[in-house]
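Notes follow the structure.
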2 protein chains.
Amino acid sequence: MTSDTVGDQGGDAHSGTVSAGVDSPSVSRSTASGPPPGPSVSARRRAGRPGHDADSVLRTAVRVFNERGYDGTSMEDLARALGVTKSAIYHHVSGKSELLRQSLDRALDALFAVTREPEATGGPVLGRLEHVLRGSVLALVEELPHVTLLLRVRGNTAVERRALERRREFDRFVADLVREGVAEGAIRPDVDPDVAGRLLFGMVNSLVEWYRPGGGLDAEGLAAQVAAVAFEGLRTPH
Amino acid sequence: MTSDTVGDQGGDAHSGTVSAGVDSPSVSRSTASGPPPGPSVSARRRAGRPGHDADSVLRTAVRVFNERGYDGTSMEDLARALGVTKSAIYHHVSGKSELLRQSLDRALDALFAVTREPEATGGPVLGRLEHVLRGSVLALVEELPHVTLLLRVRGNTAVERRALERRREFDRFVADLVREGVAEGAIRPDVDPDVAGRLLFGMVNSLVEWYRPGGGLDAEGLAAQVAAVAFEGLRTPH
DNA sequence: TTACTAACCGACCGTTCGTTCAGGCCGCAA
DNA sequence: TTGCGGCCTGAACGAACGGTCGGTTAGTAA
């Protein structure tokens with residue numbers, strides 16, 4: 001899914017330069033004088049002075065946004081993380097909010113792609129719901145930094161409000177599915193459908209708070225566990 | 001539980017002055033010239049010029065923090081919401097981070113109170129876990145604005161990092177409970193205990209994103225539904 | 001060597017930030 | 001009427017903010 005939206009992001013090399021992982025607990029602000037320029041790594045050599053390109057800037061920016069929060073991140077912070085000066089960033093993007101916009105759009109595109117897959121629109125309700133559930137987990141993992149950012153948006157600016165609107169649209173799609181499931185008797189009727197839908201995706205969305213790929217649990221396995229808990233519950237079956 | 005920690009918050013009067021609900025989608029910044037001073041409401045008349053007290057300032061501040069995010073809220077924003085000037089706020093609190101500290105402490109105190117209740121430390125594991133689950137939901141509802149703020153903290157400042165540490169301690173308590181449940185065979189062994197614990201409280205924590213008291217579903221009913229989904233799952237029992 | 005391209009620097013702009021301070025205002029009790 | 005406690009204003013501070021600008025550097029391609 002969303003296999004070739006932006007491309008080139010597959011190779012997650014470029015690492016090494018910045019030590020702190022995505023989850024680093026305390027990010028010293030004053031120290032950490034920044035890595036040596038350590039820019040992008042795209043395979044084909046480009047003309048012109050080597051350094052960052054728009055993509056590597058976005059990648060780093062989103063990582064820092066997720067560490068400090070969007071509002072808590074200054075352009076100076078970004079520049080330090082990139083190993084360049086503030087003004088260099090404006091060579092790649094028009095401004096801070098543009099970075100946010102690109103990231104949010106990417107997250108939302110991945111989520112909506114799931115709702116358009118045939119398994120999400122045809123067949124028994126429970127199957128459709130489960131497909132959307134698992135697909136959302138996969139999309140969330142694949143675009144983890146962007147989805148993380150999306151789930152923290154508060155609606156302070158026009159960019160954020162537009163994203164919130166699209167997100168609500170996605171939520172409506174899921175809520176409808178759950179309602180339909182209750183109506184057809186596939187989902188237990190003693191919990192409110194709206195509540196159930198929100199709990200379901202509350203569970204999914206909470207993944208961004210702790211799941212990190214490459215830790216022995218892959219996206220498919222994660223999706224399976226989420227689906228198991230969501231549909232069968234925690235208690236040992238008897 | 002936590003029946004009389006800080007008191008006086010039970011009566012949620014003081015309303016009326018500010019129109020926007022906690023969930024108001026777009027919060028105009030320039031307009032909304034603020035309510036007429038409309039200060040606190042505490043029953044007993046105090047000496048001196050009438051106006052806000054430390055408690056009413058905290059209440060409003062936390063509400064605005066949750067609307068705009070802590071970093072996205074300026075003291076000017078707070079002042080406007082309170083109907084006073086910036087400098088007036090410093091009569092009640094030492095600064096912005098002090099407001100955050102008070103709020104986070106309140107949320108954490110309520111959560112830890114649950115873990116110290118006898119039903120959370122004695123009896124069968126599954127019962128203990130369910131008690132902590134339901135108790136957390138009740139605490140979350142009772143201290144909704146403060147818990148909401150807590151769950152969004154990123155660790156940018158010392159105040160935030162201290163709160164994150166206490167929160168991790170709470171998470172550990174829950175994780176241990178789940179692990180114990182798996183070991184005793186009360187919880188299904190095919191999901192990883194750590195994953196299960198995180199999913200469980202991911203579900204609970206997501207309540208702050210949508211649950212609002214006074215909407216036909218009270219805290220007890222909510223806790224019951226959460227427990228049902230968590231332990232039995234969504235699928236219709238057969 | 002030269003032309004071209006892409007990325008970057010350093011100085012600077014106007015605005016907003018959190019915070020301080022000296023003083024004024026309001027309502028109660030004496 | 002006066003005194004006092006509690007709350008508030010208006011003006012200002014230095015620091016940090018997002019963003020702009022003209023000029024420079026380091027590579028590729030001819």
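First the proteins, then the strands, lettered A, B, ... as listed; each starts at 1.
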Query raised in the report: Can a salt bridge be assigned to the pair A/R106 and A/E142 using a cut-off of 4.0 Å between side-chain N and carboxylate O?
Result: no
Query raised in the report: Nearest-Å distance, CZ (A/R80) to P (C/dC9)?
Result: 14 Å
Report task. Name all residues meeting the ring-ring contact (aromatic ring centres under 6.0 Å, His included) criterion together with A/F170; count only those two or more places apart in sequence or in a different chain, and write none if there are none. Result -> A/F201
Query raised in the report: Between B/R49 and A/E76, which is nearer to the 5' end of DNA chain D once each is assigned its nearest nucleotide?
Result: B/R49
Requested in this report: Look up atom CZ in B/R80 and atom OG in B/S74, then write down how far apart they are to the nearest 0.5 Å.
Outcome: 6.5 Å
Report task. Take atom NE2 of B/H52 and atom C1' of C/dG27, then tell me their distance rounded to the nearest Å. Result -> 17 Å
Query raised in the report: For the pair made of CG in B/D77 and P in C/dT19, what is the distance, rounded to whole Å?
Result: 14 Å
Report task. Check DNA chain D against residues 86-98 of chain A and give the residues with a non-hydrogen atom under 4.0 Å, in numerical order. Result -> A/K86, A/S87, A/Y90, A/G95, A/K96
Report task. Specify the separation, in whole Å, of atom CG of A/L99 and atom P of D/dG18. Result -> 11 Å
Requested in this report: Rounded to the nearest 0.5 Å, what's the gap from CE on B/M203 to CG on A/N205? Could you check?
Outcome: 13.5 Å
Report task. Check whether any side-chain N or O of B/S74 sits under 4.0 Å from OP1 or OP2 of C/dC17, and answer yes or no. Result -> yes
Query - Spacing of A/R63 atom CZ and A/R68 atom CZ [to the nearest 0.5 Å] - result: 9.5 Å
Query - Residue A/T85, side-chain atoms from C-beta onward, closest of C/dC26, D/dT9, C/dC9 - result: C/dC9
Report summary line: Rounded to whole Å, CG of B/D55 lies from P of D/dC7 at a distance of 12 Å
**Report entry** Between P of D/dA12 and CE of B/M75, the distance in whole Å
**Finding:** 21 Å
Query raised in the report: What residues form a salt bridge (Lys or Arg N to Asp or Glu O under 4.0 Å) with A/R162, not counting sequence neighbours?
Result: A/D105
